[in-house]
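Taking it in order: structure first as structure tokens, then the write-up.
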Amino acid sequence: MQQGQAPAENRRNKKASANSYSHRGRGRPEEERPMRMKSTQINSEPASPSFLANCVINGGLALLKPTHTRKLDASTRKAYLTARRRHDHRLLLRDVNPWPGRTQITVPLSIEDQRLALSLARGSHPRRQNWEPSRGGKETSVREVNHGRYSSRCAYDRWGFVPTLKSFAIISRWGGRAALYRHHCGSSLVPAPRGWRWSADANGLRLVSIARPTDDFHPDSGDLRKGIRHIVHQAVVLREKRRAEAAKTRREKRLLLRGSGGVRVGLRDSLDAGNCPAGSLEFARRHGLDPDRRYAPARLLRLEPDNDRLKLAIAVAIRRHAKATPPDAAGAGSSGPNSISNVIAPA
């Protein structure tokens with residue numbers, strides 16, 4: 001009888017010893033399991049008063065400029081840089097809005113990402129037709145658009161399908177010093193360089209100069225994935241291009257706008273004037289314009305009469321039209337003071 005009870009007693013002892021261990025502790029007893037650190041602690045030691053006073057705002061980690069970081073003492077600066085690296089790493093891993101209340105700004109797609117969105121959409125829906133230009137959005141999907149009936153005699157509606165690729169940005173709550181970009185292929189934190197900050201306007205996300213708010217650049221998905229150096233280089237190149245075109249047309253801008261008969265303005269004219277491609281395409285989409293067509297200057301001015309960049313694009317289109325028009329045809333058409341041959345100054 002004692003021999004039969006031994007195995008049962010051994011099983012009870014093993015079961016009791018198994019209950020004293022935890023799966024999370026990986027085989028260690030509960031009393032020996034280390035406690036988890038709270039997310040508010042930077043290291044195993046509590047944060048110093050200097051760190052809390054200089055590096056924490058409203059309970060969250062502050063995004064300090066390099067000039068402010070250099071003013072910290074050695075221990076506080078080391079703790080801040082460690083916390084900053086962990087904070088940036090967590091932002092890239094989290095697929096939610098890290099700053100509640102901040103708007104998710106849709107970033108337009110580059111040509112490569114447009115092709116990627118279309119290929120993904122066709123792979124998911126191989127039998128669908130009537131594909132429309134790809135756009136950025138909060139998620140990678142296919143959006144259905146109802147364009148109404150084909151005609152008054154047809155009872156069927158015409159449906160279009162818009163390939164949507166995940167492409168949006170969230171501006172930080174620290175004065176636009178950084179932007180968190182979410183893409184279908186991954187996430188990245190794009191800091192603003194010295195003298196620039198991230199902002200948003202009617203054309204979407206933009207990098208704007210602090211000293212000159214009129215100098216800005218609207219990046220697309222390809223620009224953001226290439227990095228901040230590429231974005232700043234493109235912004236500086238387009239700024240110099242706009243200044244050169246503005247210097248040519250500053251004296252005669254009013255006369256140019258008067259002598260715009262027969263001129264049509266397109267996307268190429270806007271790019272030649274130094275405007276960024278993403279902002280030009282967003283302007284066309286916002287007002288229902290086709291980027292592949294050209295429009296009369298009067299129609300465009302009725303949309304935004306005070307847009308100086310639009311007037312600069314019109315001036316470039318008038319110059320292009322004047323160079324393409326033969327002198328005889330221009331003189332035969334009109335010889336008044338508002339004719340193009342009298343308005344355009346020789347280069």
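Every value quoted in this text rests on a predicted model; they were computed, and no experiment measured them.
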Lys/Arg-Asp/Glu bridge criterion (N-O < 4.0 Å) met for E282, R285
yes

Which pairs pass ring-ring contact (aromatic ring centres under 6.0 Å, His included) with one or both residues in residues 185-224, sequence neighbours excluded?
none

Salt-bridge criterion met for E112 and R225 (N-O under 4.0 Å)
no

Taking the side chain as everything from C-beta on, heavy atoms only, tell me whether D201 gets closer than 4.5 Å to D216.
yes

List the atom of S134, the atom of L118, and the distance in Å for their closest heavy-atom pair.
OG-N, 3.9 Å

Test item: side-chain donor near acceptor, N275 and S280, under 3.5 Å:
no

Go through the side-chain N and O atoms of R182 and S187 and say whether any donor and acceptor fall under 3.5 Å apart.
yes

Can you tell me if H147 and N130 form a side-chain donor-acceptor pair at under 3.5 Å?
no

Under 4.0 Å between a side-chain nitrogen and a carboxylate oxygen: does that hold for E144 and R128?
yes

Would V107 end up clustered with I231 when hydrophobic side chains under 4.5 Å apart are linked, directly or stepwise?
yes

Salt bridge between D272 and R319, side-chain N to carboxylate O under 4.0 Å?
no

Taking ILVMFWY side chains as joined if any heavy atoms are under 4.5 angstrom apart, and letting links pass through other members, which residues group with L165?
L109, L116, L120

